[in-house]
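Below, chain A is the first sequence line, B the second, and so on; all start at residue 1.
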Amino acid sequence: MSLDPAAIRRIARLARIRLDESDIAPMQADLSGILAWIEQLNEVDIEGVVPLAGGVQGVALPMREDVVDDGGVVDAVLANAPDRQGDFYAVPKVVE
Amino acid sequence: MMLTDLTLAAARDGLRARRFSSVELTEAFLSAIAALNPTLNAFITVTAERARDQARAADAALAAGQGRALTGLPLAIKDLFCTQGVRTTAGSRILEHFIPPYESTVSANLLRDGAVFLGKTNLDEFAMGSSNMTSAFGAVTNPWTRRGDNAALVPGGSSGGSAAAVAARLALGATATDTGGSIRQPASFCGIAGIKPTYGRCSRWGIVAFASSLDQAGPVARSVEDCAILLGSMAGHDPRDSTSADRPVPDFAAACARGVKGLRIGVPRQYRADGMAPEIEALWQQGLGWLREQGAEIVDVSLPHSKYALATYYIVAPAEASSNLARYDGVRFSSRTEGDDLDALYENTRAAGFGPEVKRRVLIGTYVLSAGYYDAYYLRAQKIRALILKDFTDVFARVDALVTPTAPSAAFAQGEKMSDPVAMYLNDVFTVPANMSGIPGLSVPAGLDARGLPLGLQVLGRPFDEETVFAVGAALERAAGFAALPAMRAGA
Amino acid sequence: MSYMLQGSTGSWEVVIGLEIHAQVISRAKLFSGAATAFGAAPNSQVSFVDAAFPGMLPVINRECVAQAVRTGLGLAARINLVSRFDRKNYFYADLPAGYQISQFEHPIVGAGMVEIELADGSTRRIGVTRLHLEQDAGKSLHDQHPTKSFIDLNRAGVALMEIVSEPDLRSPEEAGAYIRKLRSILRYLGTCDGNMEEGSLRADVNVSVRHPGEALRTRCEVKNVNSVRFVMQAIEAEALRQVQVWESGEEVRQETRLFDPGRGQTRSMRSKEDAHDYRYFPDPDLLPLVLDEAWVAELKAALPELPDARRARFMAEHGLSAYDAAVLVAERATAEYFEEVARGRDAKLAANWVTGARFALLSARGVGIEASPVSAAALGGLLDLITDGTINGRIAKEVFEAMAESGSTAGEIVERKGLRQVTDTGAIDAAVAAVLAANPDKIAAYKSGAEKLFGFFVGQVMRAMAGKGNPALVNEALKRALG
């Protein structure tokens with residue numbers, strides 16, 4: 001499986017990583033190389049196999065009680081923000 | 001003997017016997033860091049004042065007879081563990097200024113048990129790498145050098161800073177994390193011990209996530225017993241992590257003395273990969289011989305799908321990473337590079353904030369999850385993952401542990417293998433299956449290669465049976481009598 | 001009577017499916033311990049989990065799961081004992097993690113249904129495809145700064161139930177009835193407050209049009225419509241637009257649109273080619289959600305009576321008409337208020353008074369009966385005074401108003417204002433005589449056939465008696481006097 005430059009641009013766009021034009025070709029080579037190597041997986045017979053999602057098996061999802069025990073830490077939540085405006089995070093204006 | 005040469009267990013005994021103080025011990029390590037870190041670059045952040053405060057408090061606690069498991073013992077913390085009030089970078093430019101307002105569960109457990117933190121260790125950016133070359137804070141230099149050659153070697157990765165710090169005697173032990181081999185491979189490269197426990201044994205809460213279904217914290221230290229002592233403090237159920245195992249933490253240190261008599265040790269024939277370096281093959285056979293001499297039975301076993309683990313990993317880990325790293329968007333805690341609109345802000349922030357390897361993996365992960373490709377890549381990978389686990393389940397019905405080499409080579413030079421990502425990925429070929437299946441894996445220094453570089457053997461065990469892993473690892477350690485020292489170390 | 005749009009190429013049927021986002025009633029968020037209350041100070045109900053700080057992990061709130069199960073049971077739906085959480089990946093300012101935790105492939109609730117009542121008295125069953133749990137997003141404020149949007153994450157991570165209907169709806173009226181009925185069920189269950197103004201209930205509307213008998217044509221999704229009225233308007237506007245597109249020889253493009261209530265039009269959202277590649281995959285921070293069958297049974301046993309059952313019971317027990325019963329059960333608070341008023345009293349009288357009181361409150365103050373200053377017990381006391389003849393119906397209205405004003409009981413007001421009905425025939429005869437004496441011309445007109453003047457005389461007599469005359473006795477006395 002090799003990726004063309006348009007595919008690289010599309011993926012980069014989806015991942016919100018700006019690639020300069022000069023980045024495209026090397027990235028295309030790297031990713032195509034990795035995908036070609038991954039092709040080996042096509043030889044595995046996976047007929048009827050139940051997929052394994054996580055590292056834990058046979059345990060049900062633990063649940064928490066409906067208790068408010070967090071929040072109320074406005075300053076801590078905002079302390080690392082590159083643009084804090086009052087008690088808000090700020091971003092360039094979003095036009096909908 | 002210098003204080004910095006002590007094992008963690010010996011230092012603990014010395015503190016308890018009041019042969020020296022935690023302040024003395026801590027100062028010894030801080031001096032060693034001051035002397036060697038400019039060369040090794042093992043620490044991104046050194047928290048000397050905090051360490052001295054903790055050491056003084058530890059001495060007071062010891063004097064009052066209130067010592068706990070780790071009271072007064074200086075450790076290093078991989079800079080992937082969030083530490084309250086102390087910058088946590090994950091080795092990335094994008095978290096350059098991030099000061100967590102919380103303490104990770106694992107580091108909090110160590111503090112609870114009285115540990116002293118010397119600082120935050122370097123790592124591959126977001127733990128993505130096997131060489132520590134991808135850190136935004138510069139490469140880490142392995143304290144070992146090839147005989148007759150001064151070329152700077154990599155310490156392995158991603159926990160390269162932790163491994164180099166421990167090997168060079170800049171800390172008694174360190175926390176590390178292992179997503180595909182990031183504890184065991186650097187331990188092997190640096191001639192120390194390191195264990196990735198069973199997935200779920202240590203809480204992931206407060207550890208910067210790389211690939212959630214694979215990430216596991218564990219210790220690196222200079223002996224198997226030291227690893228056992230540290231893991232005993234780090235491990236434990238955490239209700240804040242839904243994948244944390246709700247089971248008691250056994251006395252891992254006690255298990256180190258069990259011996260291997262009567263144990264069945266499996267040797268997976270598929271690990272005898274084409275082109276395995278003869279000296280690694282030889283070391284492996286020697287290790288099996290040591291175990292046989294101590295009363296273990298060696299059994300040939302088959303893990304037919306393990307050879308696919310690495311390629312499977314390079315679907316699963318990037319997929320999860322592409323999602324886990326979406327939060328670094330320049331809005332709440334990551335460094336920002338401005339843009340004309342929100343999307344430009346995201347794209348500029350992430351272009352400037354992530355290094356090439358992180359970008360590669362995020363893009364691969366985005367691709368394999370994208371519309372039309374999910375079944376061919378991600379779903380297939382999950383099914384192969386199930387087959388890998390089944391292989392282990394079947395084998396562990398017959399044997400108590402597996403022994404393999406940890407890595408296919410000794411440490412390589414900085415800058416090597418950088419041009420071909422896949423060549424770099426192959427470092428993890430022996431370690432990744434344990435992450436894919438969640439089982440525990442320990443690396444023990446077992447010998448030197450022809451050029452005097454350390455090589456490790458890996459012990460794999462059943463889920464939540466770290467005790468047997470420690471028993472086998474300690475047996476190998478005793479037999480190997482590994483006493484070689486790195487060229488760069490405190491006092492050398 | 002089916003709803004059809006007439007175009008130049010014939011009549012068009014409208015096909016509608018609704019995705020309702022209902023905010024779950026719970027104290028804490030779906031995956032964190034932060035509070036959910038509406039209207040808190042910005043970012044004051046935000047944990048590090050909600051803000052997606054590095055290393056933070058989700059742990060699910062049991063009550064949110066219970067609420068989803070209750071809702072599923074209330075929709076007569078299949079409860080999936082094993083479900084799963086997936087990540088829906090996209091970048092947006094109010095989505096801190098860059099993904100929303102949702103349920104894509106394996107929702108907690110499967111197929112169910114909602115029965116709707118239409119104005120002509122008919123009912124229809126509308127299929128519910130599924131219900132799943134997911135996180136709400138934060139809020140962007142665009143009007144606080146000339147060049148910046150401000151982000152408040154208080155709502156980020158609050159539990160939502162997305163309830164997806166089959167494309168079974170065929171008119172704006174049906175869509176409106178579906179939302180009202182669903183809202184009623186949610187409120188009965190106590191799983192969502194249904195408050196559309198505060199955004200606790202929001203609708204995405206899928207609309208397509210076709211000639212009757214055709215296969216489905218391309219649909220458009222009108223996002224985030226926040227009132228029943230707007231949903232109905234949006235459907236009509238969007239359906240008309242699509243008819244025009246098709247009839248002009250073009251194709252309707254599948255897209256997401258917004259409804260502009262000011263213009264009564266839908267418009268295309270600035271859409272991008274990649275907007276819909278959400279890259280769903282199972283959330284590796286969570287395990288499969290496995291429900292204990294016994295727990296589901298417990299939740300089921302504790303469910304309250306739902307509107308359909310209650311309506312049937314009101315008709316059977318109280319002899320109410322289908323219409324009256326439907327009006328009374330629509331709101332849980334109204335139904336409970338009515339039941340208390342009607343206990344041991346004439347149900348029809350109670351129904352009339354509760355309906356009247358409810359409408360009066362709604363039109364005067366825009367609130368439901370639960371906010372009435374006259375409690376159900378107090379209204380019952382008033383009805384008792386009507387039933388035992390202490391006051392007449394007309395005076396009762398005056399007394400009710402005074403009760404609402406003062407908070408006093410009906411008895412107190414009747415006593416204080418001397419509003420007891422006059423049944424003394426002597427007093428009534430005297431009032432009749434005085435009215436007749438003052439209106440000789442009207443008597444003449446009445447006797448020459450203007451019979452409707454009888455009402456005039458009744459009114460005059462009642463007025464002379466300050467409204468307190470017993471209406472039956474006044475009528476009798478007038479008839480006698482006018483001979």
**Q** With a 4.5 angstrom heavy-atom cut-off, could you sort out which part of Ala90(A) is near chain B: side chain, backbone, both or neither?
**A**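 When you check distances to chain B, only backbone atoms of Ala90(A) fall under 4.5 Å.
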**Q** With a 4.5 angstrom heavy-atom cut-off, could you sort out which part of Ile8(A) is near chain B: side chain, backbone, both or neither?
**A**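 Neither; nothing under 4.5 Å.
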**Q** What closest approach, in Å, do Tyr89(A) and Val331(B) show between heavy atoms, and which atom pair accounts for it?
**A**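 Nearest pair, atom of Tyr89(A) first, then Val331(B): CD2-O, 3.4 Å.
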**Q** For Leu31(A) and Tyr367(B), what are the C-alpha separation, side-chain angles and deciding distance, and is it a side-chain contact (heavy atoms from CB on, under 4.5 Å)?
**A** CA-CA 10 Å; Leu31(A) 299 198; Tyr367(B) 177 72; over 6 Å; no
**Q** Can you name the nearest heavy-atom pair linking Ala386(B) to Val50(A), along with the distance?
**A**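 Heavy-atom minimum between the residues: CB-O, 3.3 Å.
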**Q** Could you state the interatomic distance from CG (Leu52(A)) to OG1 (Thr312(B)), rounded to the nearest 0.5 Å?
**A**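 One finds 11.0 Å between CG of Leu52(A) and OG1 of Thr312(B).
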**Q** Taking only Lys NZ, Arg NE, NH1 and NH2, and the carboxylate oxygens of Asp or Glu, determine whether Arg13(A) and Asp343(B) approach each other closer than 4.0 Å.
**A**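 Asp343(B) and Arg13(A): salt-bridged.
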**Q** If the contact rule is any heavy atom under 4.5 Å from chain B, which residues of residues 40-48 of chain A qualify, in numerical order?
**A**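 At a heavy-atom separation under 4.5 Å, chain B is reached by Gln40(A), Leu41(A), Asn42(A), Glu43(A), Val44(A), Asp45(A), Ile46(A).
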**Q** Hey, what do you get for CZ (Arg16(A)) to OG1 (Thr366(B)), rounding to the nearest 0.5 Å?
**A**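 Nearest 0.5 Å value for the CZ-OG1 distance: 10.5 Å.
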**Q** Can you name the nearest heavy-atom pair linking Gly54(A) to Ser213(B), along with the distance?
**A**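 So the two residues come closest at CA-CB, 3.9 Å.
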**Q** Between Arg18(A) and Asn348(B) (side chain of the first, backbone of the second, donor and acceptor by atom type, cut-off under 3.5 Å), is there such a pair?
**A**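 Such a contact is absent between Arg18(A) side chain and Asn348(B) backbone.
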**Q** Going by heavy atoms in the side chains, are Asp83(A) and Arg336(B) under 4.5 Å from each other?
**A**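 Yes, at least one pair of side-chain atoms sits under 4.5 Å.
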**Q** Rounded at 0.5 Å granularity, tell me how far CD1 in Ile34(A) sits from CD1 in Ile315(B).
**A**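 One gets 11.5 Å once the value is rounded to the nearest 0.5 Å.
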**Q** Closest heavy-atom contact between Ala53(A) and Gln382(B)?
**A**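 Scanning both residues completely, I find the closest heavy atoms to be CA-NE2, 3.2 Å.
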**Q** Mind checking the CD1-CZ spacing from Ile17(A) to Phe354(B)? Nearest 0.5 Å is all I need.
**A**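 Reported value, rounded in 0.5 Å steps: 6.0 Å.
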**Q** Taking only heavy atoms into account, what residues of residues 61-70 of chain A are found under 4.5 Å from chain B?
**A**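 Within residues 61-70 of chain A, near chain B: Leu61(A), Pro62(A).
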**Q** So, for Leu363(B) and Ile11(A), which heavy atoms are closest and what is the spacing to 0.1 Å?
**A**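 Minimum heavy-atom separation between Leu363(B) and Ile11(A): O-CG2, 3.3 Å.
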**Q** To check you understand the geometry: which heavy-atom pair defines the closest contact between Ser334(B) and Pro82(A), and what is its length?
**A**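 Scanning both residues, the minimum pair turns out to be O-CG, 3.5 Å.
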**Q** Side chains of Ser370(B) and Arg10(A): closer than 4.5 Å at any heavy-atom pair?
**A**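 Result yes, sub-4.5 Å side-chain heavy-atom pair found.
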**Q** Any chance you could measure Glu357(B), atom CD, to Asp30(A), atom CG, to the nearest 0.5 Å?
**A**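 One gets 8.5 Å once the value is rounded to the nearest 0.5 Å.
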